[in-house]
Undergrad: 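Can you read through this structure? Questions will come right after.
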Amino acid sequence: MQGNPLSQLDDVMVPEQVSAWPPGPAWWVIAAVLLIAAVLALALYVRQRRHNRAKREALRLAQSQDAARLHQLLKRLGKHYYGTRVAALSAERWSQVLTLLSDIDFNARELQQLYQPRAVSDELKNKLHQAIKQFKTKERIDV
């Protein structure tokens with residue numbers, strides 16, 4: 001007589017755990033793309049930071065300056081970002097460029113006050129300070 005046929009069976013073998021390492025090729029591609037994106041983002045951040053260094057320095061220097069000094073800072077910013085031709089413009093053309101670069105309305109007569117012996121208005125001083133804050137460093141201008 002035969003015994004129980006189930007007794008002849010071996011125990012159930014549990015499969016080994018599947019390891020996550022090494023990752024598949026798709027994960028390596030994703031990791032490479034993320035690494036390249038992070039390096040590019042860092043490079044762009046550093047480049048932008050270096051580009052705006054002169055403007056940050058001008059803002060730092062503009063804290064407690066008179067109007068003539070603020071105007072000098074604006075001229076220096078213009079020269080730094082747009083070349084020497086911008087700094088050498090006539091008063092009329094400089095006021096137009098300054099209006100374009102700061103989105104604040106300037107006119108030549110107003111800027112001529114800076115070269116007069118009488119005191120300059122606080123309004124002009126505030127406009128010049130605001131112009132430094134809003135100065136566009138990548139605007140296209142044709143001088």
Side-chain angles (χ1 to χ4, degrees), residues 4-143:
N4 186 358
L6 293 179
S7 64
Q8 296 174 359
L9 293 176
D10 291 330
D11 288 338
V12 176
M13 294 181 17
V14 180
E16 294 180 25
Q17 287 289 67
V18 178
S19 173
W21 194 260
W27 287 110
W28 286 109
V29 170
I30 291 171
V33 168
L34 289 176
L35 181 65
I36 290 170
V39 168
L40 285 176
L42 180 65
L44 288 174
Y45 172 76
V46 168
R47 182 177 177 208
Q48 183 69 25
R49 188 109 170 113
R50 283 183 182 157
H51 178 76
N52 288 333
R53 185 182 300 159
K55 184 177 175 181
R56 282 193 316 272
E57 181 67 16
L59 283 170
R60 187 185 66 76
L61 292 173
Q63 294 303 322
S64 60
Q65 300 293 332
D66 62 341
R69 183 76 173 128
L70 292 174
H71 187 248
Q72 282 180 338
L73 286 171
L74 278 168
K75 284 276 194 172
R76 286 173 56 191
L77 280 175
K79 183 178 179 182
H80 177 78
Y81 288 110
Y82 299 103
T84 55
R85 292 178 59 195
V86 170
L89 292 173
S90 66
E92 185 65 37
R93 185 70 178 118
W94 169 245
S95 64
Q96 293 170 355
V97 168
L98 195 54
T99 299
L100 175 72
L101 294 177
S102 65
D103 289 333
I104 298 173
D105 191 32
F106 285 97
N107 59 47
R109 192 175 53 239
E110 177 175 58
L111 294 177
Q112 289 296 333
Q113 292 178 20
L114 297 168
Y115 303 105
Q116 303 300 324
R118 59 191 163 101
V120 178
S121 68
D122 283 338
E123 179 186 344
L124 179 57
K125 181 180 174 184
N126 292 337
K127 280 177 75 172
L128 290 169
H129 193 273
Q130 192 65 27
I132 292 173
K133 284 183 181 178
Q134 296 179 358
F135 193 83
K136 297 176 186 170
T137 60
K138 293 184 178 180
E139 188 76 16
R140 178 174 167 80
I141 56 172
D142 296 317
V143 180

Undergrad: Do the non-hydrogen side-chain atoms of Leu124 and Phe106 ever get within less than 4.5 Å of each other?
TA: yes
Undergrad: So Ile104 and Thr99, do their side chains get closer than 4.5 Å, heavy atoms only?
TA: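 Answer no - side chains too far apart.
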Undergrad: Apply side-chain contact (heavy atoms from CB on, under 4.5 Å) to the pair Leu74 and Leu101, showing each step before the final yes or no.
TA: CA-CA 10 Å; Leu74 278 168; Leu101 294 177; over 6 Å; no
Undergrad: Evaluate the side-chain proximity of Leu77 to Tyr82: yes if any heavy-atom separation is below 4.5 Å, no if none is.
TA: no
Undergrad: More than 12 heavy atoms of other residues, nucleotides or ligands under 6.0 Å from CD of Glu123: is that the case?
TA: no
Undergrad: Does the side chain of Arg93 pick up a donor-acceptor pair with the side chain of Gln96 at under 3.5 Å?
TA: yes
Undergrad: Might you work through the side chain to side chain donor-acceptor pair (under 3.5 Å) test for Gln72 and Arg69, ending with a clear yes or no?
TA: CA-CA 5 Å; Gln72 282 180 338; Arg69 183 76 173 128; 3.3 Å; yes
Undergrad: Which atoms form the tightest heavy-atom contact between Ala58 and Leu73, and what is the distance?
TA: O-CD1, 3.8 Å
Undergrad: Crowded around Arg56 CZ? As in, over 12 foreign heavy atoms under 6.0 Å?
TA: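 Enclosed: over 12 neighbouring heavy atoms sit under 6.0 Å from CZ of Arg56.
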Undergrad: Hey, are Lys127 and Asp105 close enough for a salt bridge, meaning a charged N less than 4.0 Å from a carboxylate O?
TA: no
Undergrad: Heavy-atom count around Lys75 NZ within 6.0 Å, excluding the residue itself: above 12?
TA: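 Result for NZ/Lys75: enclosed.
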Undergrad: Might you point out which heavy atoms bring Lys79 and Ala87 nearest each other, and give the distance in Å?
TA: CB-CB, 4.0 Å
Undergrad: So do Leu59 and Lys133 actually touch side chain to side chain, heavy atoms under 4.5 Å?
TA: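 Yes - at least one pair of side-chain heavy atoms lies under 4.5 Å apart.
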Undergrad: I need the minimum non-hydrogen distance between Ala62 and His129, along with the two atoms involved.
TA: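 Nearest pair, atom of Ala62 first, then His129: O-CD2, 3.3 Å.
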Undergrad: Looking at side-chain heavy atoms only, is the closest gap between His80 and Lys55 below 4.5 Å?
TA: no
Undergrad: Any side-chain heavy-atom pair from Ser95 and Glu110 closer than 4.5 angstrom?
TA: no
Undergrad: Checking side-chain polar atoms at under 3.5 Å, does Gln48 have a donor or acceptor matched by the opposite partner on Lys138?
TA: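 The answer is yes; a qualifying pair exists.
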Undergrad: Give me the atom names and distance for the closest heavy-atom approach of Arg60 to Gln63.
TA: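 Closest heavy-atom pair between Arg60 and Gln63: O-CG, 3.2 Å.
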Undergrad: Show your working on side-chain contact (heavy atoms from CB on, under 4.5 Å) between Lys125 and Asp66 and close with a plain yes or no.
TA: CA-CA 7 Å; Lys125 181 180 174 184; Asp66 62 341; 5.6 Å; no
Undergrad: Parallel under 30°, tilted from 30 to 60°, perpendicular over 60°: which one fits the rings of His71 and Tyr115?
TA: perpendicular
Undergrad: For Asp122, I'd like to know if atom CG has over 12 heavy atoms of other residues, nucleotides or ligands within 6.0 Å.
TA: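 For Asp122, atom CG is not crowded (no more than 12 foreign heavy atoms under 6.0 Å).
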Undergrad: State the CG-CD distance between Asn107 and Gln112, to the nearest 0.5 angstrom.
TA: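 One finds 10.0 Å between CG of Asn107 and CD of Gln112.
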Undergrad: How far apart are the closest heavy atoms of Gln134 and Ser102, and which atoms are they?
TA: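 What the structure gives for the nearest pair is OE1-O, 2.7 Å.
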Undergrad: What verdict does the side-chain contact (heavy atoms from CB on, under 4.5 Å) test give for Phe135 and Tyr81, after you've listed the backbone C-alpha separation in whole Å, the side-chain angles of each residue and the deciding distance to 0.1 Å?
TA: CA-CA 10 Å; Phe135 193 83; Tyr81 288 110; 3.9 Å; yes
